[in-house]
Amino acid sequence: MPISWTHRYAQRTQRMTSSAIRELLKVTEQPDMISFAGGLPAPEIFPVEEMAVAADRVLRDFGPQALQYSTTEGYRPLREWVAQHTAPSLTISPDNILITSGSQQALDLLGKIFINPGDRLVVEAPTYMGALQAFNPYEAEYVAVPSDEQGMITAALEPALQASPKLIYTMPTFQNPTGVTLTLERRQQLVELAQRYGVPIIEDDAYGELRFEGEPIPKILEIGGSGSSGGDYDGSVIYLSTFSKTLAPGLRLAWIVAPLEVIRKLVQAKQGADLHSATFNQMIAYEAVRDGFLQQHLPVIRRVYRERREVMLAALAEHFPPETHWTRPDGGLFLWVTLPPGISGVALLPAALAANVAFVPGASMFPNGGGENTLRLNFSNATPAQIREGIARLGRVLAEQLGR
Ligand SMILES: Cc1ncc(COP(=O)(O)O)c(C=O)c1O
């Protein structure tokens with residue numbers, strides 16, 4: 001008898017949808033396509049040589065250990081490195097760190113341990129689509145707080161907190177998708193309100209190291225995370241970061257900083273998911289960063305991304321209609337375009353793809369609808385020449401849509 005799969009799928013799969021970005025990336029592999037769609041780093045500056053040296057050293061010095069199963073919490077020296085480098089003003093012990101298989105897994109594990117069906121999460125609108133994909137199967141509901149050029153509009157946060165959310169999920173620095181950064185004043189307001197309402201904050205900091213302009217602003221972790229007991233971090237902010245944008249996304253290595261009891265629960269959840277993150281990759285990453293390699297490498301990444309952002313901003317000014325607006329990020333990988341009202345990013349996409357240029361329509365990043373006239377552009381992956389050409393193509397497609 002033929003099996004009917006559909007009616008066997010669990011209830012939670014009804015909230016699982018394919019990422020529009022991943023679907024798009026399939027098309028963007030065609031030759032001559034210029035893609036501003038993915039969130040891919042610039043491959044030209046991946047530290048291939050350094051990784052080869054590190055991999056060689058790991059195999060030579062620790063061969064069997066590197067190829068063996070290891071602890072769920074992660075490779076201890078790497079956790080010590082993370083504990084030392086995350087927030088010098090706080091007491092963070094290696095036991096406060098869980099190494100994860102990308103921060104995408106961190107989001108899934110947080111969903112797994114915290115979200116019951118119907119639980120509310122406060123998120124920015126727009127927010128990271130991958131976070132919605134991670135939280136949706138746990139049947140989260142979203143209370144969306146709008147954002148502007150200064151990040152989440154904290155004046156709109158209090159009504160959201162009155163809806164008794166379980167958590168606040170935020171990307172305060174070079175946010176995905178908008179590229180904007182929450183100001184210090186709003187960070188303080190966010191922390192103050194979250195503490196007043198007793199709601200923990202998840203700070204997703206995938207891009208904080210990629211600042212190429214302006215002065216660094218303290219992490220939410222640093223502002224709101226004070227709290228330690230016996231040398232361990234015990235605050236109400238859970239912090240995520242990743243090696244994906246500083247070393248290489250193919251390593252699939254990231255980390256969570258959280259109070260010990262949360263780490264213990266996450267460890268149980270991770271055991272059910274993948275036992276532990278790849279031992280070999282963790283040891284390679286540690287070998288690569290232990291002697292300060294990132295301090296040499298980050299300036300290279302920042303220089304390249306700054307140039308690409310400059311090129312994209314100049315091309316937008318030259319080729320986009322005057323009624324369009326865009327953000328001017330001080331770091332990260334993305335900028336955000338607002339089209340004239342009535343012009344839909346989703347409707348624009350087929351014409352753009354036909355002209356061999358790709359972007360992600362912004363609407364899918366609004367958990368409760370809206371943002372039809374927005375789009376996200378990635379400026380890290382295409383070369384400056386491709387950026388100039390791709391934005392010119394997009395400008396022509398837009399002009400056609402506007403009937404010019
Ligand atoms: C805000 C944010 N969080 C998490 C991730 C997942 O990153 P990874 O799993 O590569 O660490 C991304 C990837 O683009 C992101 O933009």
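Heads up: numbering here begins at 1 and tracks the sequence. Each ligand, and each atom within it, is numbered from 1 in the order the structure gives. For the numbers below, each heavy atom of this structure counts, side chains included, while hydrogens, waters and symmetry mates do not.
Scanning all protein heavy atoms for the shortest distance to atom 6 (C) of ligand 1 gives Tyr128 OH, 3.5 Å. Nearest protein heavy-atom neighbour of atom 10 (O) of ligand 1: Ser244 OG, 2.6 Å. In this structure, the protein non-hydrogen atom closest to atom 7 (O) of ligand 1 is Ser103 OG, 3.4 Å. Among all non-hydrogen protein atoms, the one lying nearest atom 9 (O) of ligand 1 is Arg252 NH2, 2.7 Å. In this structure, the protein non-hydrogen atom closest to atom 16 (O) of ligand 1 is Tyr207 OH, 2.5 Å. Summary of contacts: the protein heavy atom closest to atom 2 (C) of ligand 1 is Asp204 OD2, 3.4 Å.
Heavy-atom distances between Gln105 and ligand 1 stay at or above 4.0 Å for every pair. Between Gln175 and ligand 1 there is no heavy-atom distance shorter than 4.0 Å.
Partners of Arg309 under the salt bridge (charged side-chain N to carboxylate O under 4.0 Å, His left out) rule, at least two apart in sequence or in another chain, are Glu213.
Residue Asn176 approaches ligand 1 through these ligand atoms, each under 4.0 Å from one of its heavy atoms: 15 (C), 16 (O). Near Lys245, the atoms of ligand 1 lying under 4.0 angstrom from a non-hydrogen atom of the residue are 13 (C), 14 (O). Listed by atom number, the atoms of ligand 1 under 4.0 Å from Met171 heavy atoms are 1 (C).
Distances between N or O atoms of Tyr169 and those of ligand 1 include no value under 3.5 Å.
Salt-bridge check for Asp274 with Lys270: passed, with a basic side-chain N closer than 4.0 Å to an acidic carboxylate O. A salt bridge is defined here as a Lys NZ or Arg NE, NH1 or NH2 lying under 4.0 Å from an Asp or Glu carboxylate O, and Arg186 with Glu124 fails to meet this definition.
Here the two rings, on Tyr169 and Phe135, have centers that are under 6.0 Å apart. Aromatic rings from Phe359 and Trp326 are positioned such that their centres are separated by 6.0 Å or more.
Between the side chains of Asn281 and Tyr75, no donor-acceptor pair is found at a separation under 3.5 Å.
For CZ of Arg120, the number of neighbouring non-hydrogen atoms (other residues, nucleotides, ligands) closer than 6.0 Å is 12 at most.
Under the side chain to side chain donor-acceptor pair (under 3.5 Å) test applied with Arg187, the options Thr173, Thr170, Thr181 reduce to a single match, Thr173.
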task: Verify side chain to side chain donor-acceptor pair (under 3.5 Å) between Asp232 and Ser93, making sure each step is shown before the conclusion.
output: CA-CA 5 Å; Asp232 295 316; Ser93 105; 3.0 Å; yes

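Counting heavy atoms under 4.0 Å from ligand 1, residue Met129 does not touch it at all. Heavy atoms of Gln104 found under 4.0 angstrom from ligand 1 belong to the backbone as well as the side chain.
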